[in-house]
Undergrad: 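Mind looking over this structure? Questions follow.
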Amino acid sequence: MPEIVDSFSQIGKINKGVLKGIPVCSILGDQQSSAYAHSLHKNQMKITYGTGCFLLNNIGDSPKIHESFITTILSKHKGKIQYGYE
């Protein structure tokens, strides 16, 4: 499994092209960044419209398996992971 890194720290640098050396300092997808920006708290849901329509439900700091939803990581900030159903 890949290492879960902090969503808001330097995770690497661009190593080719005109942007070579620029740090990559955030790693969130569209839905996850929208949920974070709207301060999605445990047991709250958010629907994001864009290239598709996505529903995220914050399930807190412990992953759970659900028979109908995908368990995902919403973010990791200061060592604290927030999980959700997608």
Side-chain angles (χ1 to χ4, degrees):
M1 298 294 291
E3 176 187 356
I4 300 171
V5 298
D6 197 288
S7 301
F8 308 101
S9 64
Q10 183 173 326
I11 58 167
K13 289 185 179 183
I14 297 174
N15 61 10
K16 291 184 180 180
V18 297
L19 300 178
K20 183 176 181 177
I22 302 279
V24 177
C25 296
S26 180
I27 185 163
L28 289 171
D30 293 351
Q31 298 85 347
Q32 288 82 2
S33 58
S34 178
Y36 185 84
H38 285 96
S39 299
L40 191 69
H41 297 288
K42 185 175 180 179
N43 297 322
Q44 290 183 326
M45 290 186 208
K46 176 159 187 355
I47 298 174
T48 303
Y49 300 95
T51 55
C53 178
F54 304 91
L55 181 138
L56 285 180
N57 176 27
N58 185 330
I59 60 173
D61 58 8
S62 178
K64 299 170 185 76
I65 303 300
H66 190 283
E67 63 183 53
S68 299
F69 298 106
I70 297 169
T71 301
T72 189
I73 295 172
L74 299 178
S75 65
K76 180 179 179 183
H77 185 55
K78 297 181 180 177
K80 184 177 178 183
I81 300 174
Q82 289 294 296
Y83 294 91
Y85 290 140
E86 186 172 348

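Reckoned from all heavy atoms, side chains included, excluding hydrogens, waters and symmetry mates.
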Undergrad: To the nearest 0.5 Å, what is the distance between CG (Asn57) and CG (Asn43)?
TA: 6.5 Å

Undergrad: Might you point out which heavy atoms bring Ser7 and Ser75 nearest each other, and give the distance in Å?
TA: OG-CA, 3.5 Å

Undergrad: Flag the pair Asp6 / His77 as yes when at least one side-chain heavy-atom distance between them is below 4.5 Å, and no otherwise.
TA: yes

Undergrad: Might you work through the side chain to side chain donor-acceptor pair (under 3.5 Å) test for Ser34 and Lys46, ending with a clear yes or no?
TA: CA-CA 9 Å; Ser34 178; Lys46 176 159 187 355; 3.0 Å; yes

Undergrad: Does a side-chain heavy-atom distance below 4.5 Å link Met45 with Tyr85?
TA: no

Undergrad: Once rounded to the nearest 0.5 Å, what's the spacing between atom CG of Leu56 and atom CD1 of Ile70?
TA: 10.5 Å

Undergrad: What closest approach, in Å, do Asn58 and Gly60 show between heavy atoms, and which atom pair accounts for it?
TA: OD1-N, 2.7 Å

Undergrad: Give the intermediate values and the outcome of side-chain contact (heavy atoms from CB on, under 4.5 Å) for residues Ile73 and Tyr83.
TA: CA-CA 4 Å; Ile73 295 172; Tyr83 294 91; 3.7 Å; yes

Undergrad: Kindly indicate whether the side chain of His41, heavy atoms from C-beta on, has any atom under 4.5 Å from the side chain of Gln82.
TA: no

Undergrad: Would you name the heavy atoms of Gln32 and Thr72 that are closest together and state the gap between them?
TA: NE2-OG1, 3.7 Å

Undergrad: Any chance NZ of Lys13 has more than 12 other-residue heavy atoms, nucleotides or ligands included, within less than 6.0 Å?
TA: no

Undergrad: Cluster question for you: counting only ILVMFWY and a side-chain heavy-atom cut-off of under 4.5 Å, with indirect links fine, are Ile14 and Ile27 together?
TA: yes

Undergrad: Show the nearest heavy-atom pair for residues Gly84 and Leu74, with the distance to one decimal.
TA: N-CG, 3.9 Å

Undergrad: Can you confirm whether His66 is buried at NE2, in the sense that more than 12 heavy atoms of other residues, nucleotides or ligands lie under 6.0 Å from that atom?
TA: yes

Undergrad: I need the minimum non-hydrogen distance between Ile81 and Lys76, along with the two atoms involved.
TA: CG1-CG, 3.8 Å

Undergrad: If hydrophobic clusters are built from ILVMFWY residues whose side chains come within less than 4.5 Å, do Tyr36 and Ile4 share one?
TA: no

Undergrad: Work out which heavy atom in Thr71 is nearest to a heavy atom in Ile65; give both atom names and the distance.
TA: OG1-CA, 3.9 Å

Undergrad: Determine, using the 4.5 Å side-chain heavy-atom cutoff (strictly less than), whether Val24 and Leu28 are members of one ILVMFWY cluster.
TA: no

Undergrad: Rounded to the nearest 0.5 Å, what's the gap from OG1 on Thr51 to CG on Asp30? Could you check?
TA: 6.0 Å

Undergrad: Please report the interatomic distance NE2(His38) to OG(Ser33), rounded to the nearest 0.5 Å.
TA: 10.0 Å

Undergrad: Within the 4.5 Å heavy-atom criterion, are Cys25 and Ile11 side-chain neighbours or not?
TA: no

